[in-house]
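Step one of this worksheet: look at the structure below.
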Amino acid sequence: MEKLLNDSAFDNIRENLKVIRDKISEAAVKSGRGENDVSLMAVTKTIDVPRINYAIEECGVNLIGENRVQEFESKAGELSLSGCKAHLIGHLQSNKAKKIVGRVDVIQSVDTVSIAREIAKHALARGITQKVLIEVNIGCEWSKFGFDISETGEKTAEIAEIDGIKVEGLMCVAPICENNSELLKIFENMHKLFIDIDSKKSDNIDMKILSMGMSGDYETAILGGSNLVRVGSAIFGPRIYSDKH
Ligand SMILES: *Cc1c(COP(=O)(O)O)cnc(C)c1O
């Protein structure tokens, strides 16, 4: 591997992952589940290929998330993705759908019926079924994307009818709450919704993934029922945005 960074940058990634995995296991057990019942996604937006490949090849990361189609495309060819899945977790514009369908295992950010139709159209054209999650807007100040919690059940059923995609769960970005018990309540409500949709036993909905929790709140999210946490800066350190973004 090309060593573009000093060794301590890599050591930090390894150390951070160890700490985070311990905390995930602890929270999973505390929530009544097994140590391995919660998946860790490394969120790799703005992170360069050598650091991502280090996390995958040397630290056992087997799931990464990217926000932007263009950024994923520019890195994908150099990433060691043979034993590692990739998800799209950022808002998808319809003119970019063609470029991402079939390139990632799951598109987590389906936030309108029309983007679901657009994804499905390209999936059918490629002869595949694209797995997706439904994004729920739980009142985050900085994310305007996602369905209101009250309409999510109905919209999920509508999206699940579309050929070419398969609904595998829900995702949300939590608001920044000073109050941990308020935040826990929000995650628990998401979990209730997840269970509720699952209990309807719809043929074309397979509620496997409840994607919630980021660097600042993944332990609370797990206590609230999350089974996939999306962690970026706690693994790789603070993001440095170039002015292109
Ligand atoms: C950036 C991002 C994350 C990770 O954020 P951190 O706070 O760095 O862990 C998770 N989910 C989404 C949708 C993101 O955009």
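Atoms within a ligand are numbered from 1 in the order they appear, just like the ligands themselves. Along the sequence shown, the residues carry numbers beginning at 1. Small disclaimer: the values here were computed from a predicted structure and weren't measured. Just so it is clear, the values below take in all heavy atoms, side chains as well, and ignore hydrogens, waters and symmetry mates.
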Looking at [X], which atoms of ligand 1 are within less than 4.0 Å of one of its heavy atoms?
X    : result
S215 : 6 (P), 7 (O), 8 (O), 9 (O)
S233 : 6 (P), 7 (O), 8 (O), 9 (O)
V231 : 9 (O)
I89  : 11 (N), 12 (C), 13 (C), 14 (C)

Tell me the closest heavy-atom pair linking A116 and I162, and the distance in Å.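 Looking at all heavy atoms of both residues, the closest pair is CB-CD1, 4.0 Å.
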
Provide the closest heavy-atom pair for V61 versus C84 in the form atom of the first, atom of the second, distance.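 Looks like O-SG, 4.0 Å.
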
Where does N67 meet ligand 1, judged by heavy-atom distances below 4.0 Å: at the side chain, the backbone, both, or neither?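 The answer is the side chain.
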
Ligand 1 contact on K45 by region, counting heavy-atom pairs under 4.0 Å: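 For K45, only side-chain atoms sit under 4.0 Å from ligand 1.
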
Quick check: is I107 connected to L124 through a chain of hydrophobic side chains (ILVMFWY, heavy atoms under 4.5 Å apart)? no

Side-chain heavy atoms nearer than 4.5 Å, only ILVMFWY residues, links allowed to pass through others: does that put I195 and L184 together?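 No; tracing contacts between hydrophobic side chains, which count when under 4.5 Å, never links both residues.
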
Lys/Arg N to Asp/Glu carboxylate O, E26 vs K23, below 4.0 Å: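 Looking at E26 and K23, the cut-off is not met.
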
Looking only at distances, can you tell me whether any N or O atom of G232, backbone or side chain, sits closer than 3.5 Å to an N or O atom of ligand 1?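 Yes, G232 has an N/O under 3.5 Å of an N/O on ligand 1.
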
Going by atom types only, do D111 and S109 share a side-chain donor-acceptor pair under 3.5 Å?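 Short answer, no.
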
Does ligand 1 have any atom sitting under 4.0 Å from a heavy atom of R239?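 The answer is yes, since R239 has a heavy atom less than 4.0 Å from ligand 1.
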
